[in-house]
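Before any comments, here is the structure.
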Amino acid sequence: MAAGGVHHLAQCITCHAWNADMSMVAICPNNNEVHIYKASVSPNAVWERVYVLDKHEQLVSGIDWAPKSNKIVTCSHDRNSYVWSLEGNEWQATLVILRLNRAATSVEWGPQENKFAVGSGAKTVCVCYFEEDNNWWVSKLIRKKHHSTITSVAWHPNNVLLATTSTDSKCRIFSAFIKGVDARKDATTAFGDVKFGEELIQLDLACCWSFGAHWSPSGNSLAYVGHDSTIHFVTDVGPTPRARSLSLRHLPLRDVLFLSETRLVAGGFDCNPMLFGSDKNGVWEFISFLDEVKPPAETKTDTMFAAAKGKFKWLGSENPSEESTLSTTHESCITMIRPLVPLSERHPENPMTLFSTSGLDGRVVIWDLNNVGDALARLRL
Amino acid sequence: MANTLRPYLTCIRNTLTAAMCLQNFPCQEVERHNKPEVEFKTSKELLLNPILICRNEAEKCLIESSINSLRISIKVKQADELENILAKKFLRFLSMRAESFQVLRRKPVQGYDISFLITNFHCEEMFKHKLIDFVVAFMEDIDKEISELKLSVNTRGRLVATEFLRQFT
């Protein structure tokens with residue numbers, strides 16, 4: 001098993017986020033609270049709950065923990081978002097004026113942590129920044145560009161470009177440059193000088209709802225998945241991007257994570273993380289599943305005659321339905337994948353080998369690619 | 001006749017495995033609400049194509065899916081009038097007690113005998129593969145139950161008639 005520690009924390013986990021040095025993890029156990037656990041990466045550690053944050057009134061749909069400023073941002077189906085900061089031994093909440101009239105579905109801090117983006121069911125994306133004069137977080141909305149609920153948001157490393165995926169099956173890239181918060185020179189991206197809310201690229205590669213947008217560490221590539229069991233890789237994101245789509249024979253995926261420029265891990269309804277890699281020509285392919293699945297025990301038949309007899313018996317009779325058993329670490333859909341390497345230790349040459357997945361079975365599983373079987377180790381990461 | 005049962009049920013099982021990829025989805029039309037989209041059908045982009053699996057003209061299964069809910073409607077085999085009445089009464093008995101089944105719908109969809117409504121909340125509380133096992137086992141057992149009921153009705157009728165007519169011989 002490539003899995004490290006398996007921690008069953010609740011009946012169902014909606015989302016999770018790690019702090020800067022991977023010593024604490026914040027999860028939402030499928031209700032309106034956020035639980036913060038003192039965690040550790042070692043497989044035998046027992047995680048203890050240290051804080052409970054409960055300001056929200058409905059399901060908390062997104063959590064993100066800013067590594068440098070140690071602030072947590074949460075968004076919920078009650079149309080609100082809070083920014084939490086640790087003061088002494090208490091987490092204090094600051095309300096964010098989102099101006100949303102539908103549920104918020106996902107949230108992510110920008111790389112410089114002076115902005116964050118919230119996707120919502122109101123078909124708008126809110127980009128929020130801190131206003132010093134009034135001491136609260138205000139938002140600028142990107143309206144009228146999406147045709148349906150936004151499922152995920154992802155910031156480019158340059159803190160200006162924002163990718164969003166939506167249930168209208170498209171992935172879009174916007175400019176989220178805010179005057180006064182971003183320096184003028186940041187505005188010059190691969191697209192030139194762009195103002196806030198301008199839709200730069202619309203990717204229409206999936207035929208069904210799209211989820212899980214994620215940028216590669218350098219920002220050169222973007223990946224997202226579609227509910228039609230496809231995964232799409234877009235490289236050289238700029239005025240002339242190149243895209244590669246893979247149709248998979250398995251159940252749809254939900255979230256992706258770039259481990260390096262050439263390796264990506266994705267998880268979904270198969271409950272088994274999948275590893276994808278690109279070769280030197282930049283062509284992405286599926287490499288393997290990361291969870292070693294034990295095949296179900298087979299009943300032995302001594303002779304060929306007995307086996308043949310069994311076959312006829314099965315065909316004619318009212319067979320009691322086969323007992324389906326699970327053999328993966330996660331027993332239900334994987335909904336979120338997070339890296340487990342602190343920002344300071346991330347290197348463009350060193351691909352990440354440690355990441356965590358959380359799922360609807362209430363488990364947070366730590367994966368260490370160094371422990372993966374021989375066949376995979378031979379494929380140098 | 002039994003030859004078509006296995007492929008029919010395998011087909012339904014595979015379709016359900018694919019269709020039961022549900023997730024929590026807050027309502028787009030009304031704030032703070034969470035509704036099974038397959039029932040309300042307000043946003044066309046949230047619905048998937050319905051699939052109709054027919055064993056023969058008399059037996060079929062309609063599977064409609066959406067982002068957070070799945071509706072399975074079954075039409076059971078009804079060969080003659082007696083089976084018609086028995087099926088209707090039996091399935092009505094079950095539908096009335098839909099609360100205890102959790103995934104059953106109180107009224108079948110128009111044109112079908114019984115319907116299931118499975119939402120993402122059911123998938124969070126219960127195992128997906130167990131839910132599918134339940135639906136497939138239900139379909140197998142329905143046929144058996146109705147045959148048994150028909151047999152017992154016929155047997156009872158024959159016994160009663162024999163006893164009654166005995167007094168005339």
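Worth saying up front: this structure is predicted, and the values here are computed from it rather than measured. Protein chains get the first letters and strands the later ones, always in sequence-line order, with residue 1 at the start of each.
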Heavy-atom distance under 4.5 Å to chain B: side chain of [X], backbone, both or neither?
{"X": "A:C12", "result": "side chain"}
{"X": "A:L100", "result": "neither"}
{"X": "A:D361", "result": "neither"}
{"X": "A:H250", "result": "neither"}

Please flag which part of [X] lies under 4.5 Å from any non-hydrogen atom of chain A: side chain, backbone, both or neither.
{"X": "B:N24", "result": "side chain"}
{"X": "B:E125", "result": "both"}
{"X": "B:I67", "result": "both"}

(message) For A:F286 and A:F289, take the angle between the two ring planes, folded into 0 to 90°, and tell me which bin it lands in: parallel under 30, tilted 30 to 60, perpendicular over 60.
(response) perpendicular

(message) Can you tell me how the ring of A:H227 sits relative to the ring of A:W209, calling it parallel under 30°, perpendicular over 60° and tilted otherwise?
(response) tilted

(message) Looking only at side-chain N and O atoms, does A:T105 offer a donor or acceptor that is under 3.5 Å from a partner on A:S61?
(response)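 The answer is no; no qualifying pair exists.
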
(request) Could you verify whether a donor N or O on one side chain and an acceptor N or O on the other, from B:E39 and B:S69, lie under 3.5 Å apart? (result)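 Per modelled atom types, B:E39 and B:S69 side chains form no pair under 3.5 Å.
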
(message) Does this structure show an ion pair linking B:E64 with B:K41, if we count only N-O contacts that are shorter than 4.0 Å?
(response)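 Yes, B:E64 and B:K41 are salt-bridged.
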
